Amino acid sequence: MTAASLSRVLNTDDISLTLVESDEIGIIGVGEATIPDMLQFNLQLGIVEAELMRATQATFKLGIEFQDWSRKGSRYFHPFGFHGVDIDGVDFHHYWLRCSANGHAHAIGDYCLTEIAARKNRFGFPDMSIAGAPASYLRYAYHFDATLYAGFLRRFAEARGVTRVEGKVCEVQRHPESGDLTGVRLANGPVIAGDFFFDCTGFRSLLLNSFGVPWIDWRHWLPCDRALAVASRRDDPPRPYTRSIAKAAGWQWNIPTRQRTGNGHIYSSEFMSEDEATSVLVDGLEGEALGSPRLIRFSTGHRQQFWQKNCVAIGLSAGFLEPLESTSLYLIRQGITRFLSLFPGASQSPVLREEYNRSMQKDFEQVRDLLVLHYFANERDEPFWKHCRSMVIPETLQRRLALFSEGGRFPRAEGELFPNASWVAVMLGQNVIPRTPEPIIAAMPISQIEMKLELLRRAMNQFADGLPSHEGVLEDYCRTDSSHQVAGMSR
Ligand SMILES: Cc1cc2nc3c(=O)[nH]c(=O)nc-3n(C[C@H](O)[C@H](O)[C@H](O)COP(=O)(O)OP(=O)(O)OC[C@H]3O[C@@H](n4cnc5c(N)ncnc54)[C@H](O)[C@@H]3O)c2cc1C
């Protein structure tokens, strides 16, 4: 992603880009679920969506279904898009909360077009041409094969002048006085020199480690530290959504790409052995496993500095937040976008570095808080879940929970990834219910509100019924050389 973006933006005679990769080491090869931000990435690079989808075995993703998270048997959906429509400037969820407190039977997801479409296995592209029309509320992202995606972007970068060098970095060279990186030596001999370096070496973080940049550990908030991943056969049509099923000491993902399903069990090694975790994963597969589960060890957190001297770490080398909300590729794009907006040129001003490091830390913290909420707000009985319930959560999340519990309100921070609708979905899904209704709504006649909601629910269902099947859209869209460009952006 980094080489592809730079090749697009810095494609000038003065700058040459070299990508060093080791086939022997390979890539991590997981990272199959994305969020709508990915559409922006394609747009910026000028990637034709249908081409990308064909090359990566992609399906469309409308959100994530969470099963057994707040307690066993519970189920909720974190949709892309919105619940209902805001009425008279008041967020929809306040109207729903009022009705719900009055014994109203429909879940908030029954008013969300993307969620309704997902449940019906249907799909539609957003259409912004008529403001307020149902299609303007649709949003989507992709599920794809991460290895095919890396290959697709490599070809994209090479076609735009990036030189790819195959080899294993065995030494990182620094200037004796300035401390700047000057080059990397490959095991087969050559030194690749450069003025600026991107550390995209994954969990190894080879370049940042050469500076001894400390690691900020968040395991006390996100205790899972292992993943077991395996693909499985699938005969049914792919669902247009990810599934996340809570387990005794973690959770399992189910991500449908065109021809198979990606599965993984994320768990805490303090609460479960590898053998047990493997059984949980295999028992939870919907089809025959295509190979043996692969173990991946990880720590949750980030580097204290993402940009140090003349080196920026992007991807797993910068930090890792587990894939519960499919946010890692988003954080990569953030890293690239923020770097380009602060592009240093010949200047190596520390002001640019400081701004980059401050804003990336914020991005990581905002994602972290939503992940921690999933673990903290639970009513399950197992020791792992009791442990999660008893942790002292980040102060930023404490404030957010207090404000929501008081009247369904949210603090808004600048440049936040997740819209209120995401927080509403997870708060309510995890059974965090505001104690008091919004005062303006509380004063309205309930019959009027109920009537508005019912009209909306019917209209959305009717619209969703008219959408084509997810599988049908995939067949049509990916078969042709359609040049359909990205249509839907987050609001
Ligand atoms: C279990 C799990 C599930 C995930 N699921 C998702 C998801 O659903 N959605 C999402 O957005 N993200 C997900 N991620 C994160 C996602 O996989 C990564 O953010 C993404 O793949 C980028 O990885 P990377 O390029 O930083 O590292 P890697 O893929 O590890 O790439 C590192 C690169 O550096 C090279 N390299 C390393 N050392 C050397 C060396 N010495 N010499 C030369 N080259 C070297 C390697 O060859 C490779 O090309 C998941 C991660 C994990 C662990």
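Hydrogens, waters and symmetry mates are skipped; everything else that's a heavy atom, side chains included, is used. Each ligand, and each atom within it, is numbered from 1 in the order the structure gives. The first residue of the sequence shown is numbered 1, and numbering continues consecutively from there. Predicted, not measured: the structure shown is a model, and the values here were computed from it.
- A heavy-atom separation below 4.0 Å is found between S326 and ligand 1.
- Neither the backbone nor the side chain of T34 has any atom closer than 4.0 Å to an atom of ligand 1 (non-hydrogen atoms only).
- No side-chain donor-acceptor contact under 3.5 Å links T182 and H175.
- In this structure, E270 places its CD atom where only 12 or fewer heavy-atom neighbours from other residues, nucleotides or ligands lie under 6.0 Å away.
- Regarding atom 26 (O) of ligand 1, its nearest protein heavy-atom neighbour is L316 N, 2.8 Å.
- Within the 4.0 Å heavy-atom criterion, both parts of S328, backbone and side chain, lie near ligand 1.
- The cationic atom of R400 (NZ for Lys, CZ for Arg) lies less than 6.0 Å from the six-membered ring centre of W423 and within 45° of the ring axis.
- Using the six-membered ring where Trp is involved, W69 and H374 have ring planes that are perpendicular, over 60° apart on the 30 and 60° scheme.
- Interface atoms of ligand 1 facing L206, defined by a heavy-atom separation under 4.0 Å, are 40 (C), 41 (N).
- Inspection of the E322 and W251 side chains reveals an N or O donor paired with an N or O acceptor under 3.5 Å.
- Taking the six-membered ring for Trp and thresholds of 30 and 60 degrees, H302 and F364 have ring planes inclined between 30 and 60 degrees apart.
- Between G26 and ligand 1 there is a heavy-atom distance shorter than 4.0 Å.
- The single protein non-hydrogen atom nearest to atom 28 (P) of ligand 1 is I28 N, 3.6 Å, given as residue, atom name and distance.
- Among protein heavy atoms, the minimum distance from atom 2 (C) of ligand 1 is reached at V30 CG2, 3.5 Å.
- With a 4.0 Å cut-off on non-hydrogen atoms, L331 does not touch ligand 1 at all.
- Taking the six-membered ring for Trp and the full ring otherwise, the centers of F198 and F339 sit less than 6.0 Å from each other.
- With a 6.0 Å cutoff to the six-membered ring centre and a 45° limit on the axis angle, R139 does not count as a cation-pi contact of Y137.
- When only modelled atom types and interatomic distance are considered, Y267 and E274 share no side-chain donor-acceptor pair under 3.5 Å.
- Considering R389, K247, K72 in turn, K72 is the only one that fulfils the salt bridge (charged side-chain N to carboxylate O under 4.0 Å, His left out) rule with E382.
- Of the heavy atoms in E322, none comes closer than 4.0 Å to ligand 1.
- Heavy atoms of A150 stay at 4.0 angstrom or farther from ligand 1.
- In this structure, the protein non-hydrogen atom closest to atom 9 (N) of ligand 1 is A33 O, 2.7 Å.
- Per-residue contacts place A227 under 4.0 angstrom from the following atoms of ligand 1 (heavy atoms of the residue considered): 1 (C).
- Ring centroid separation for the pair Y149 and F156 does not come in under the 6.0 Å cut-off.
- Each of the following atoms of ligand 1 lies closer than 4.0 Å to a heavy atom of G167: 42 (N), 43 (C).
- The nearest protein atom to atom 42 (N) of ligand 1, hydrogens excluded, is given as V169 N, 2.7 Å; this is a heavy-atom distance.
- In this pair, F271 and F384 present their aromatic rings perpendicular. The plane angle is above 60°, beyond the 30 to 60° band.
- Residue, atom and distance of the protein heavy atom nearest to atom 37 (C) of ligand 1 are T201 O, 3.6 Å.
- Neither the backbone nor the side chain of Y330 comes within 4.0 Å of ligand 1, counting heavy atoms alone.
- Scanning the protein heavy atoms around atom 39 (C) of ligand 1, the nearest turns out to be I25 CD1, 3.3 Å.
- The side chain of F320, and not its backbone, has at least one atom closer than 4.0 Å to an atom of ligand 1 (non-hydrogen atoms only; side chain from C-beta on).
- Heavy-atom proximity to G315, at under 4.0 Å, picks out these atoms of ligand 1: 26 (O).
- Here the two rings, on Y241 and F77, have centers that are under 6.0 Å apart.
- Among all non-hydrogen protein atoms, the one lying nearest atom 13 (C) of ligand 1 is G31 CA, 3.3 Å.
- A 4.5 Å side-chain heavy-atom check between L371 and L321 finds at least one atom pair inside the cut-off.
- Those atoms of ligand 1 that come under 4.0 Å of a heavy atom in I332, given as number and element, are 19 (O), 22 (C).
- Atoms of ligand 1 found under 4.0 Å from any heavy atom of E32, numbered from 1 in the order shown, are 7 (C), 8 (O).
- Ligand 1 is approached by C200 to a heavy-atom distance shorter than 4.0 Å.
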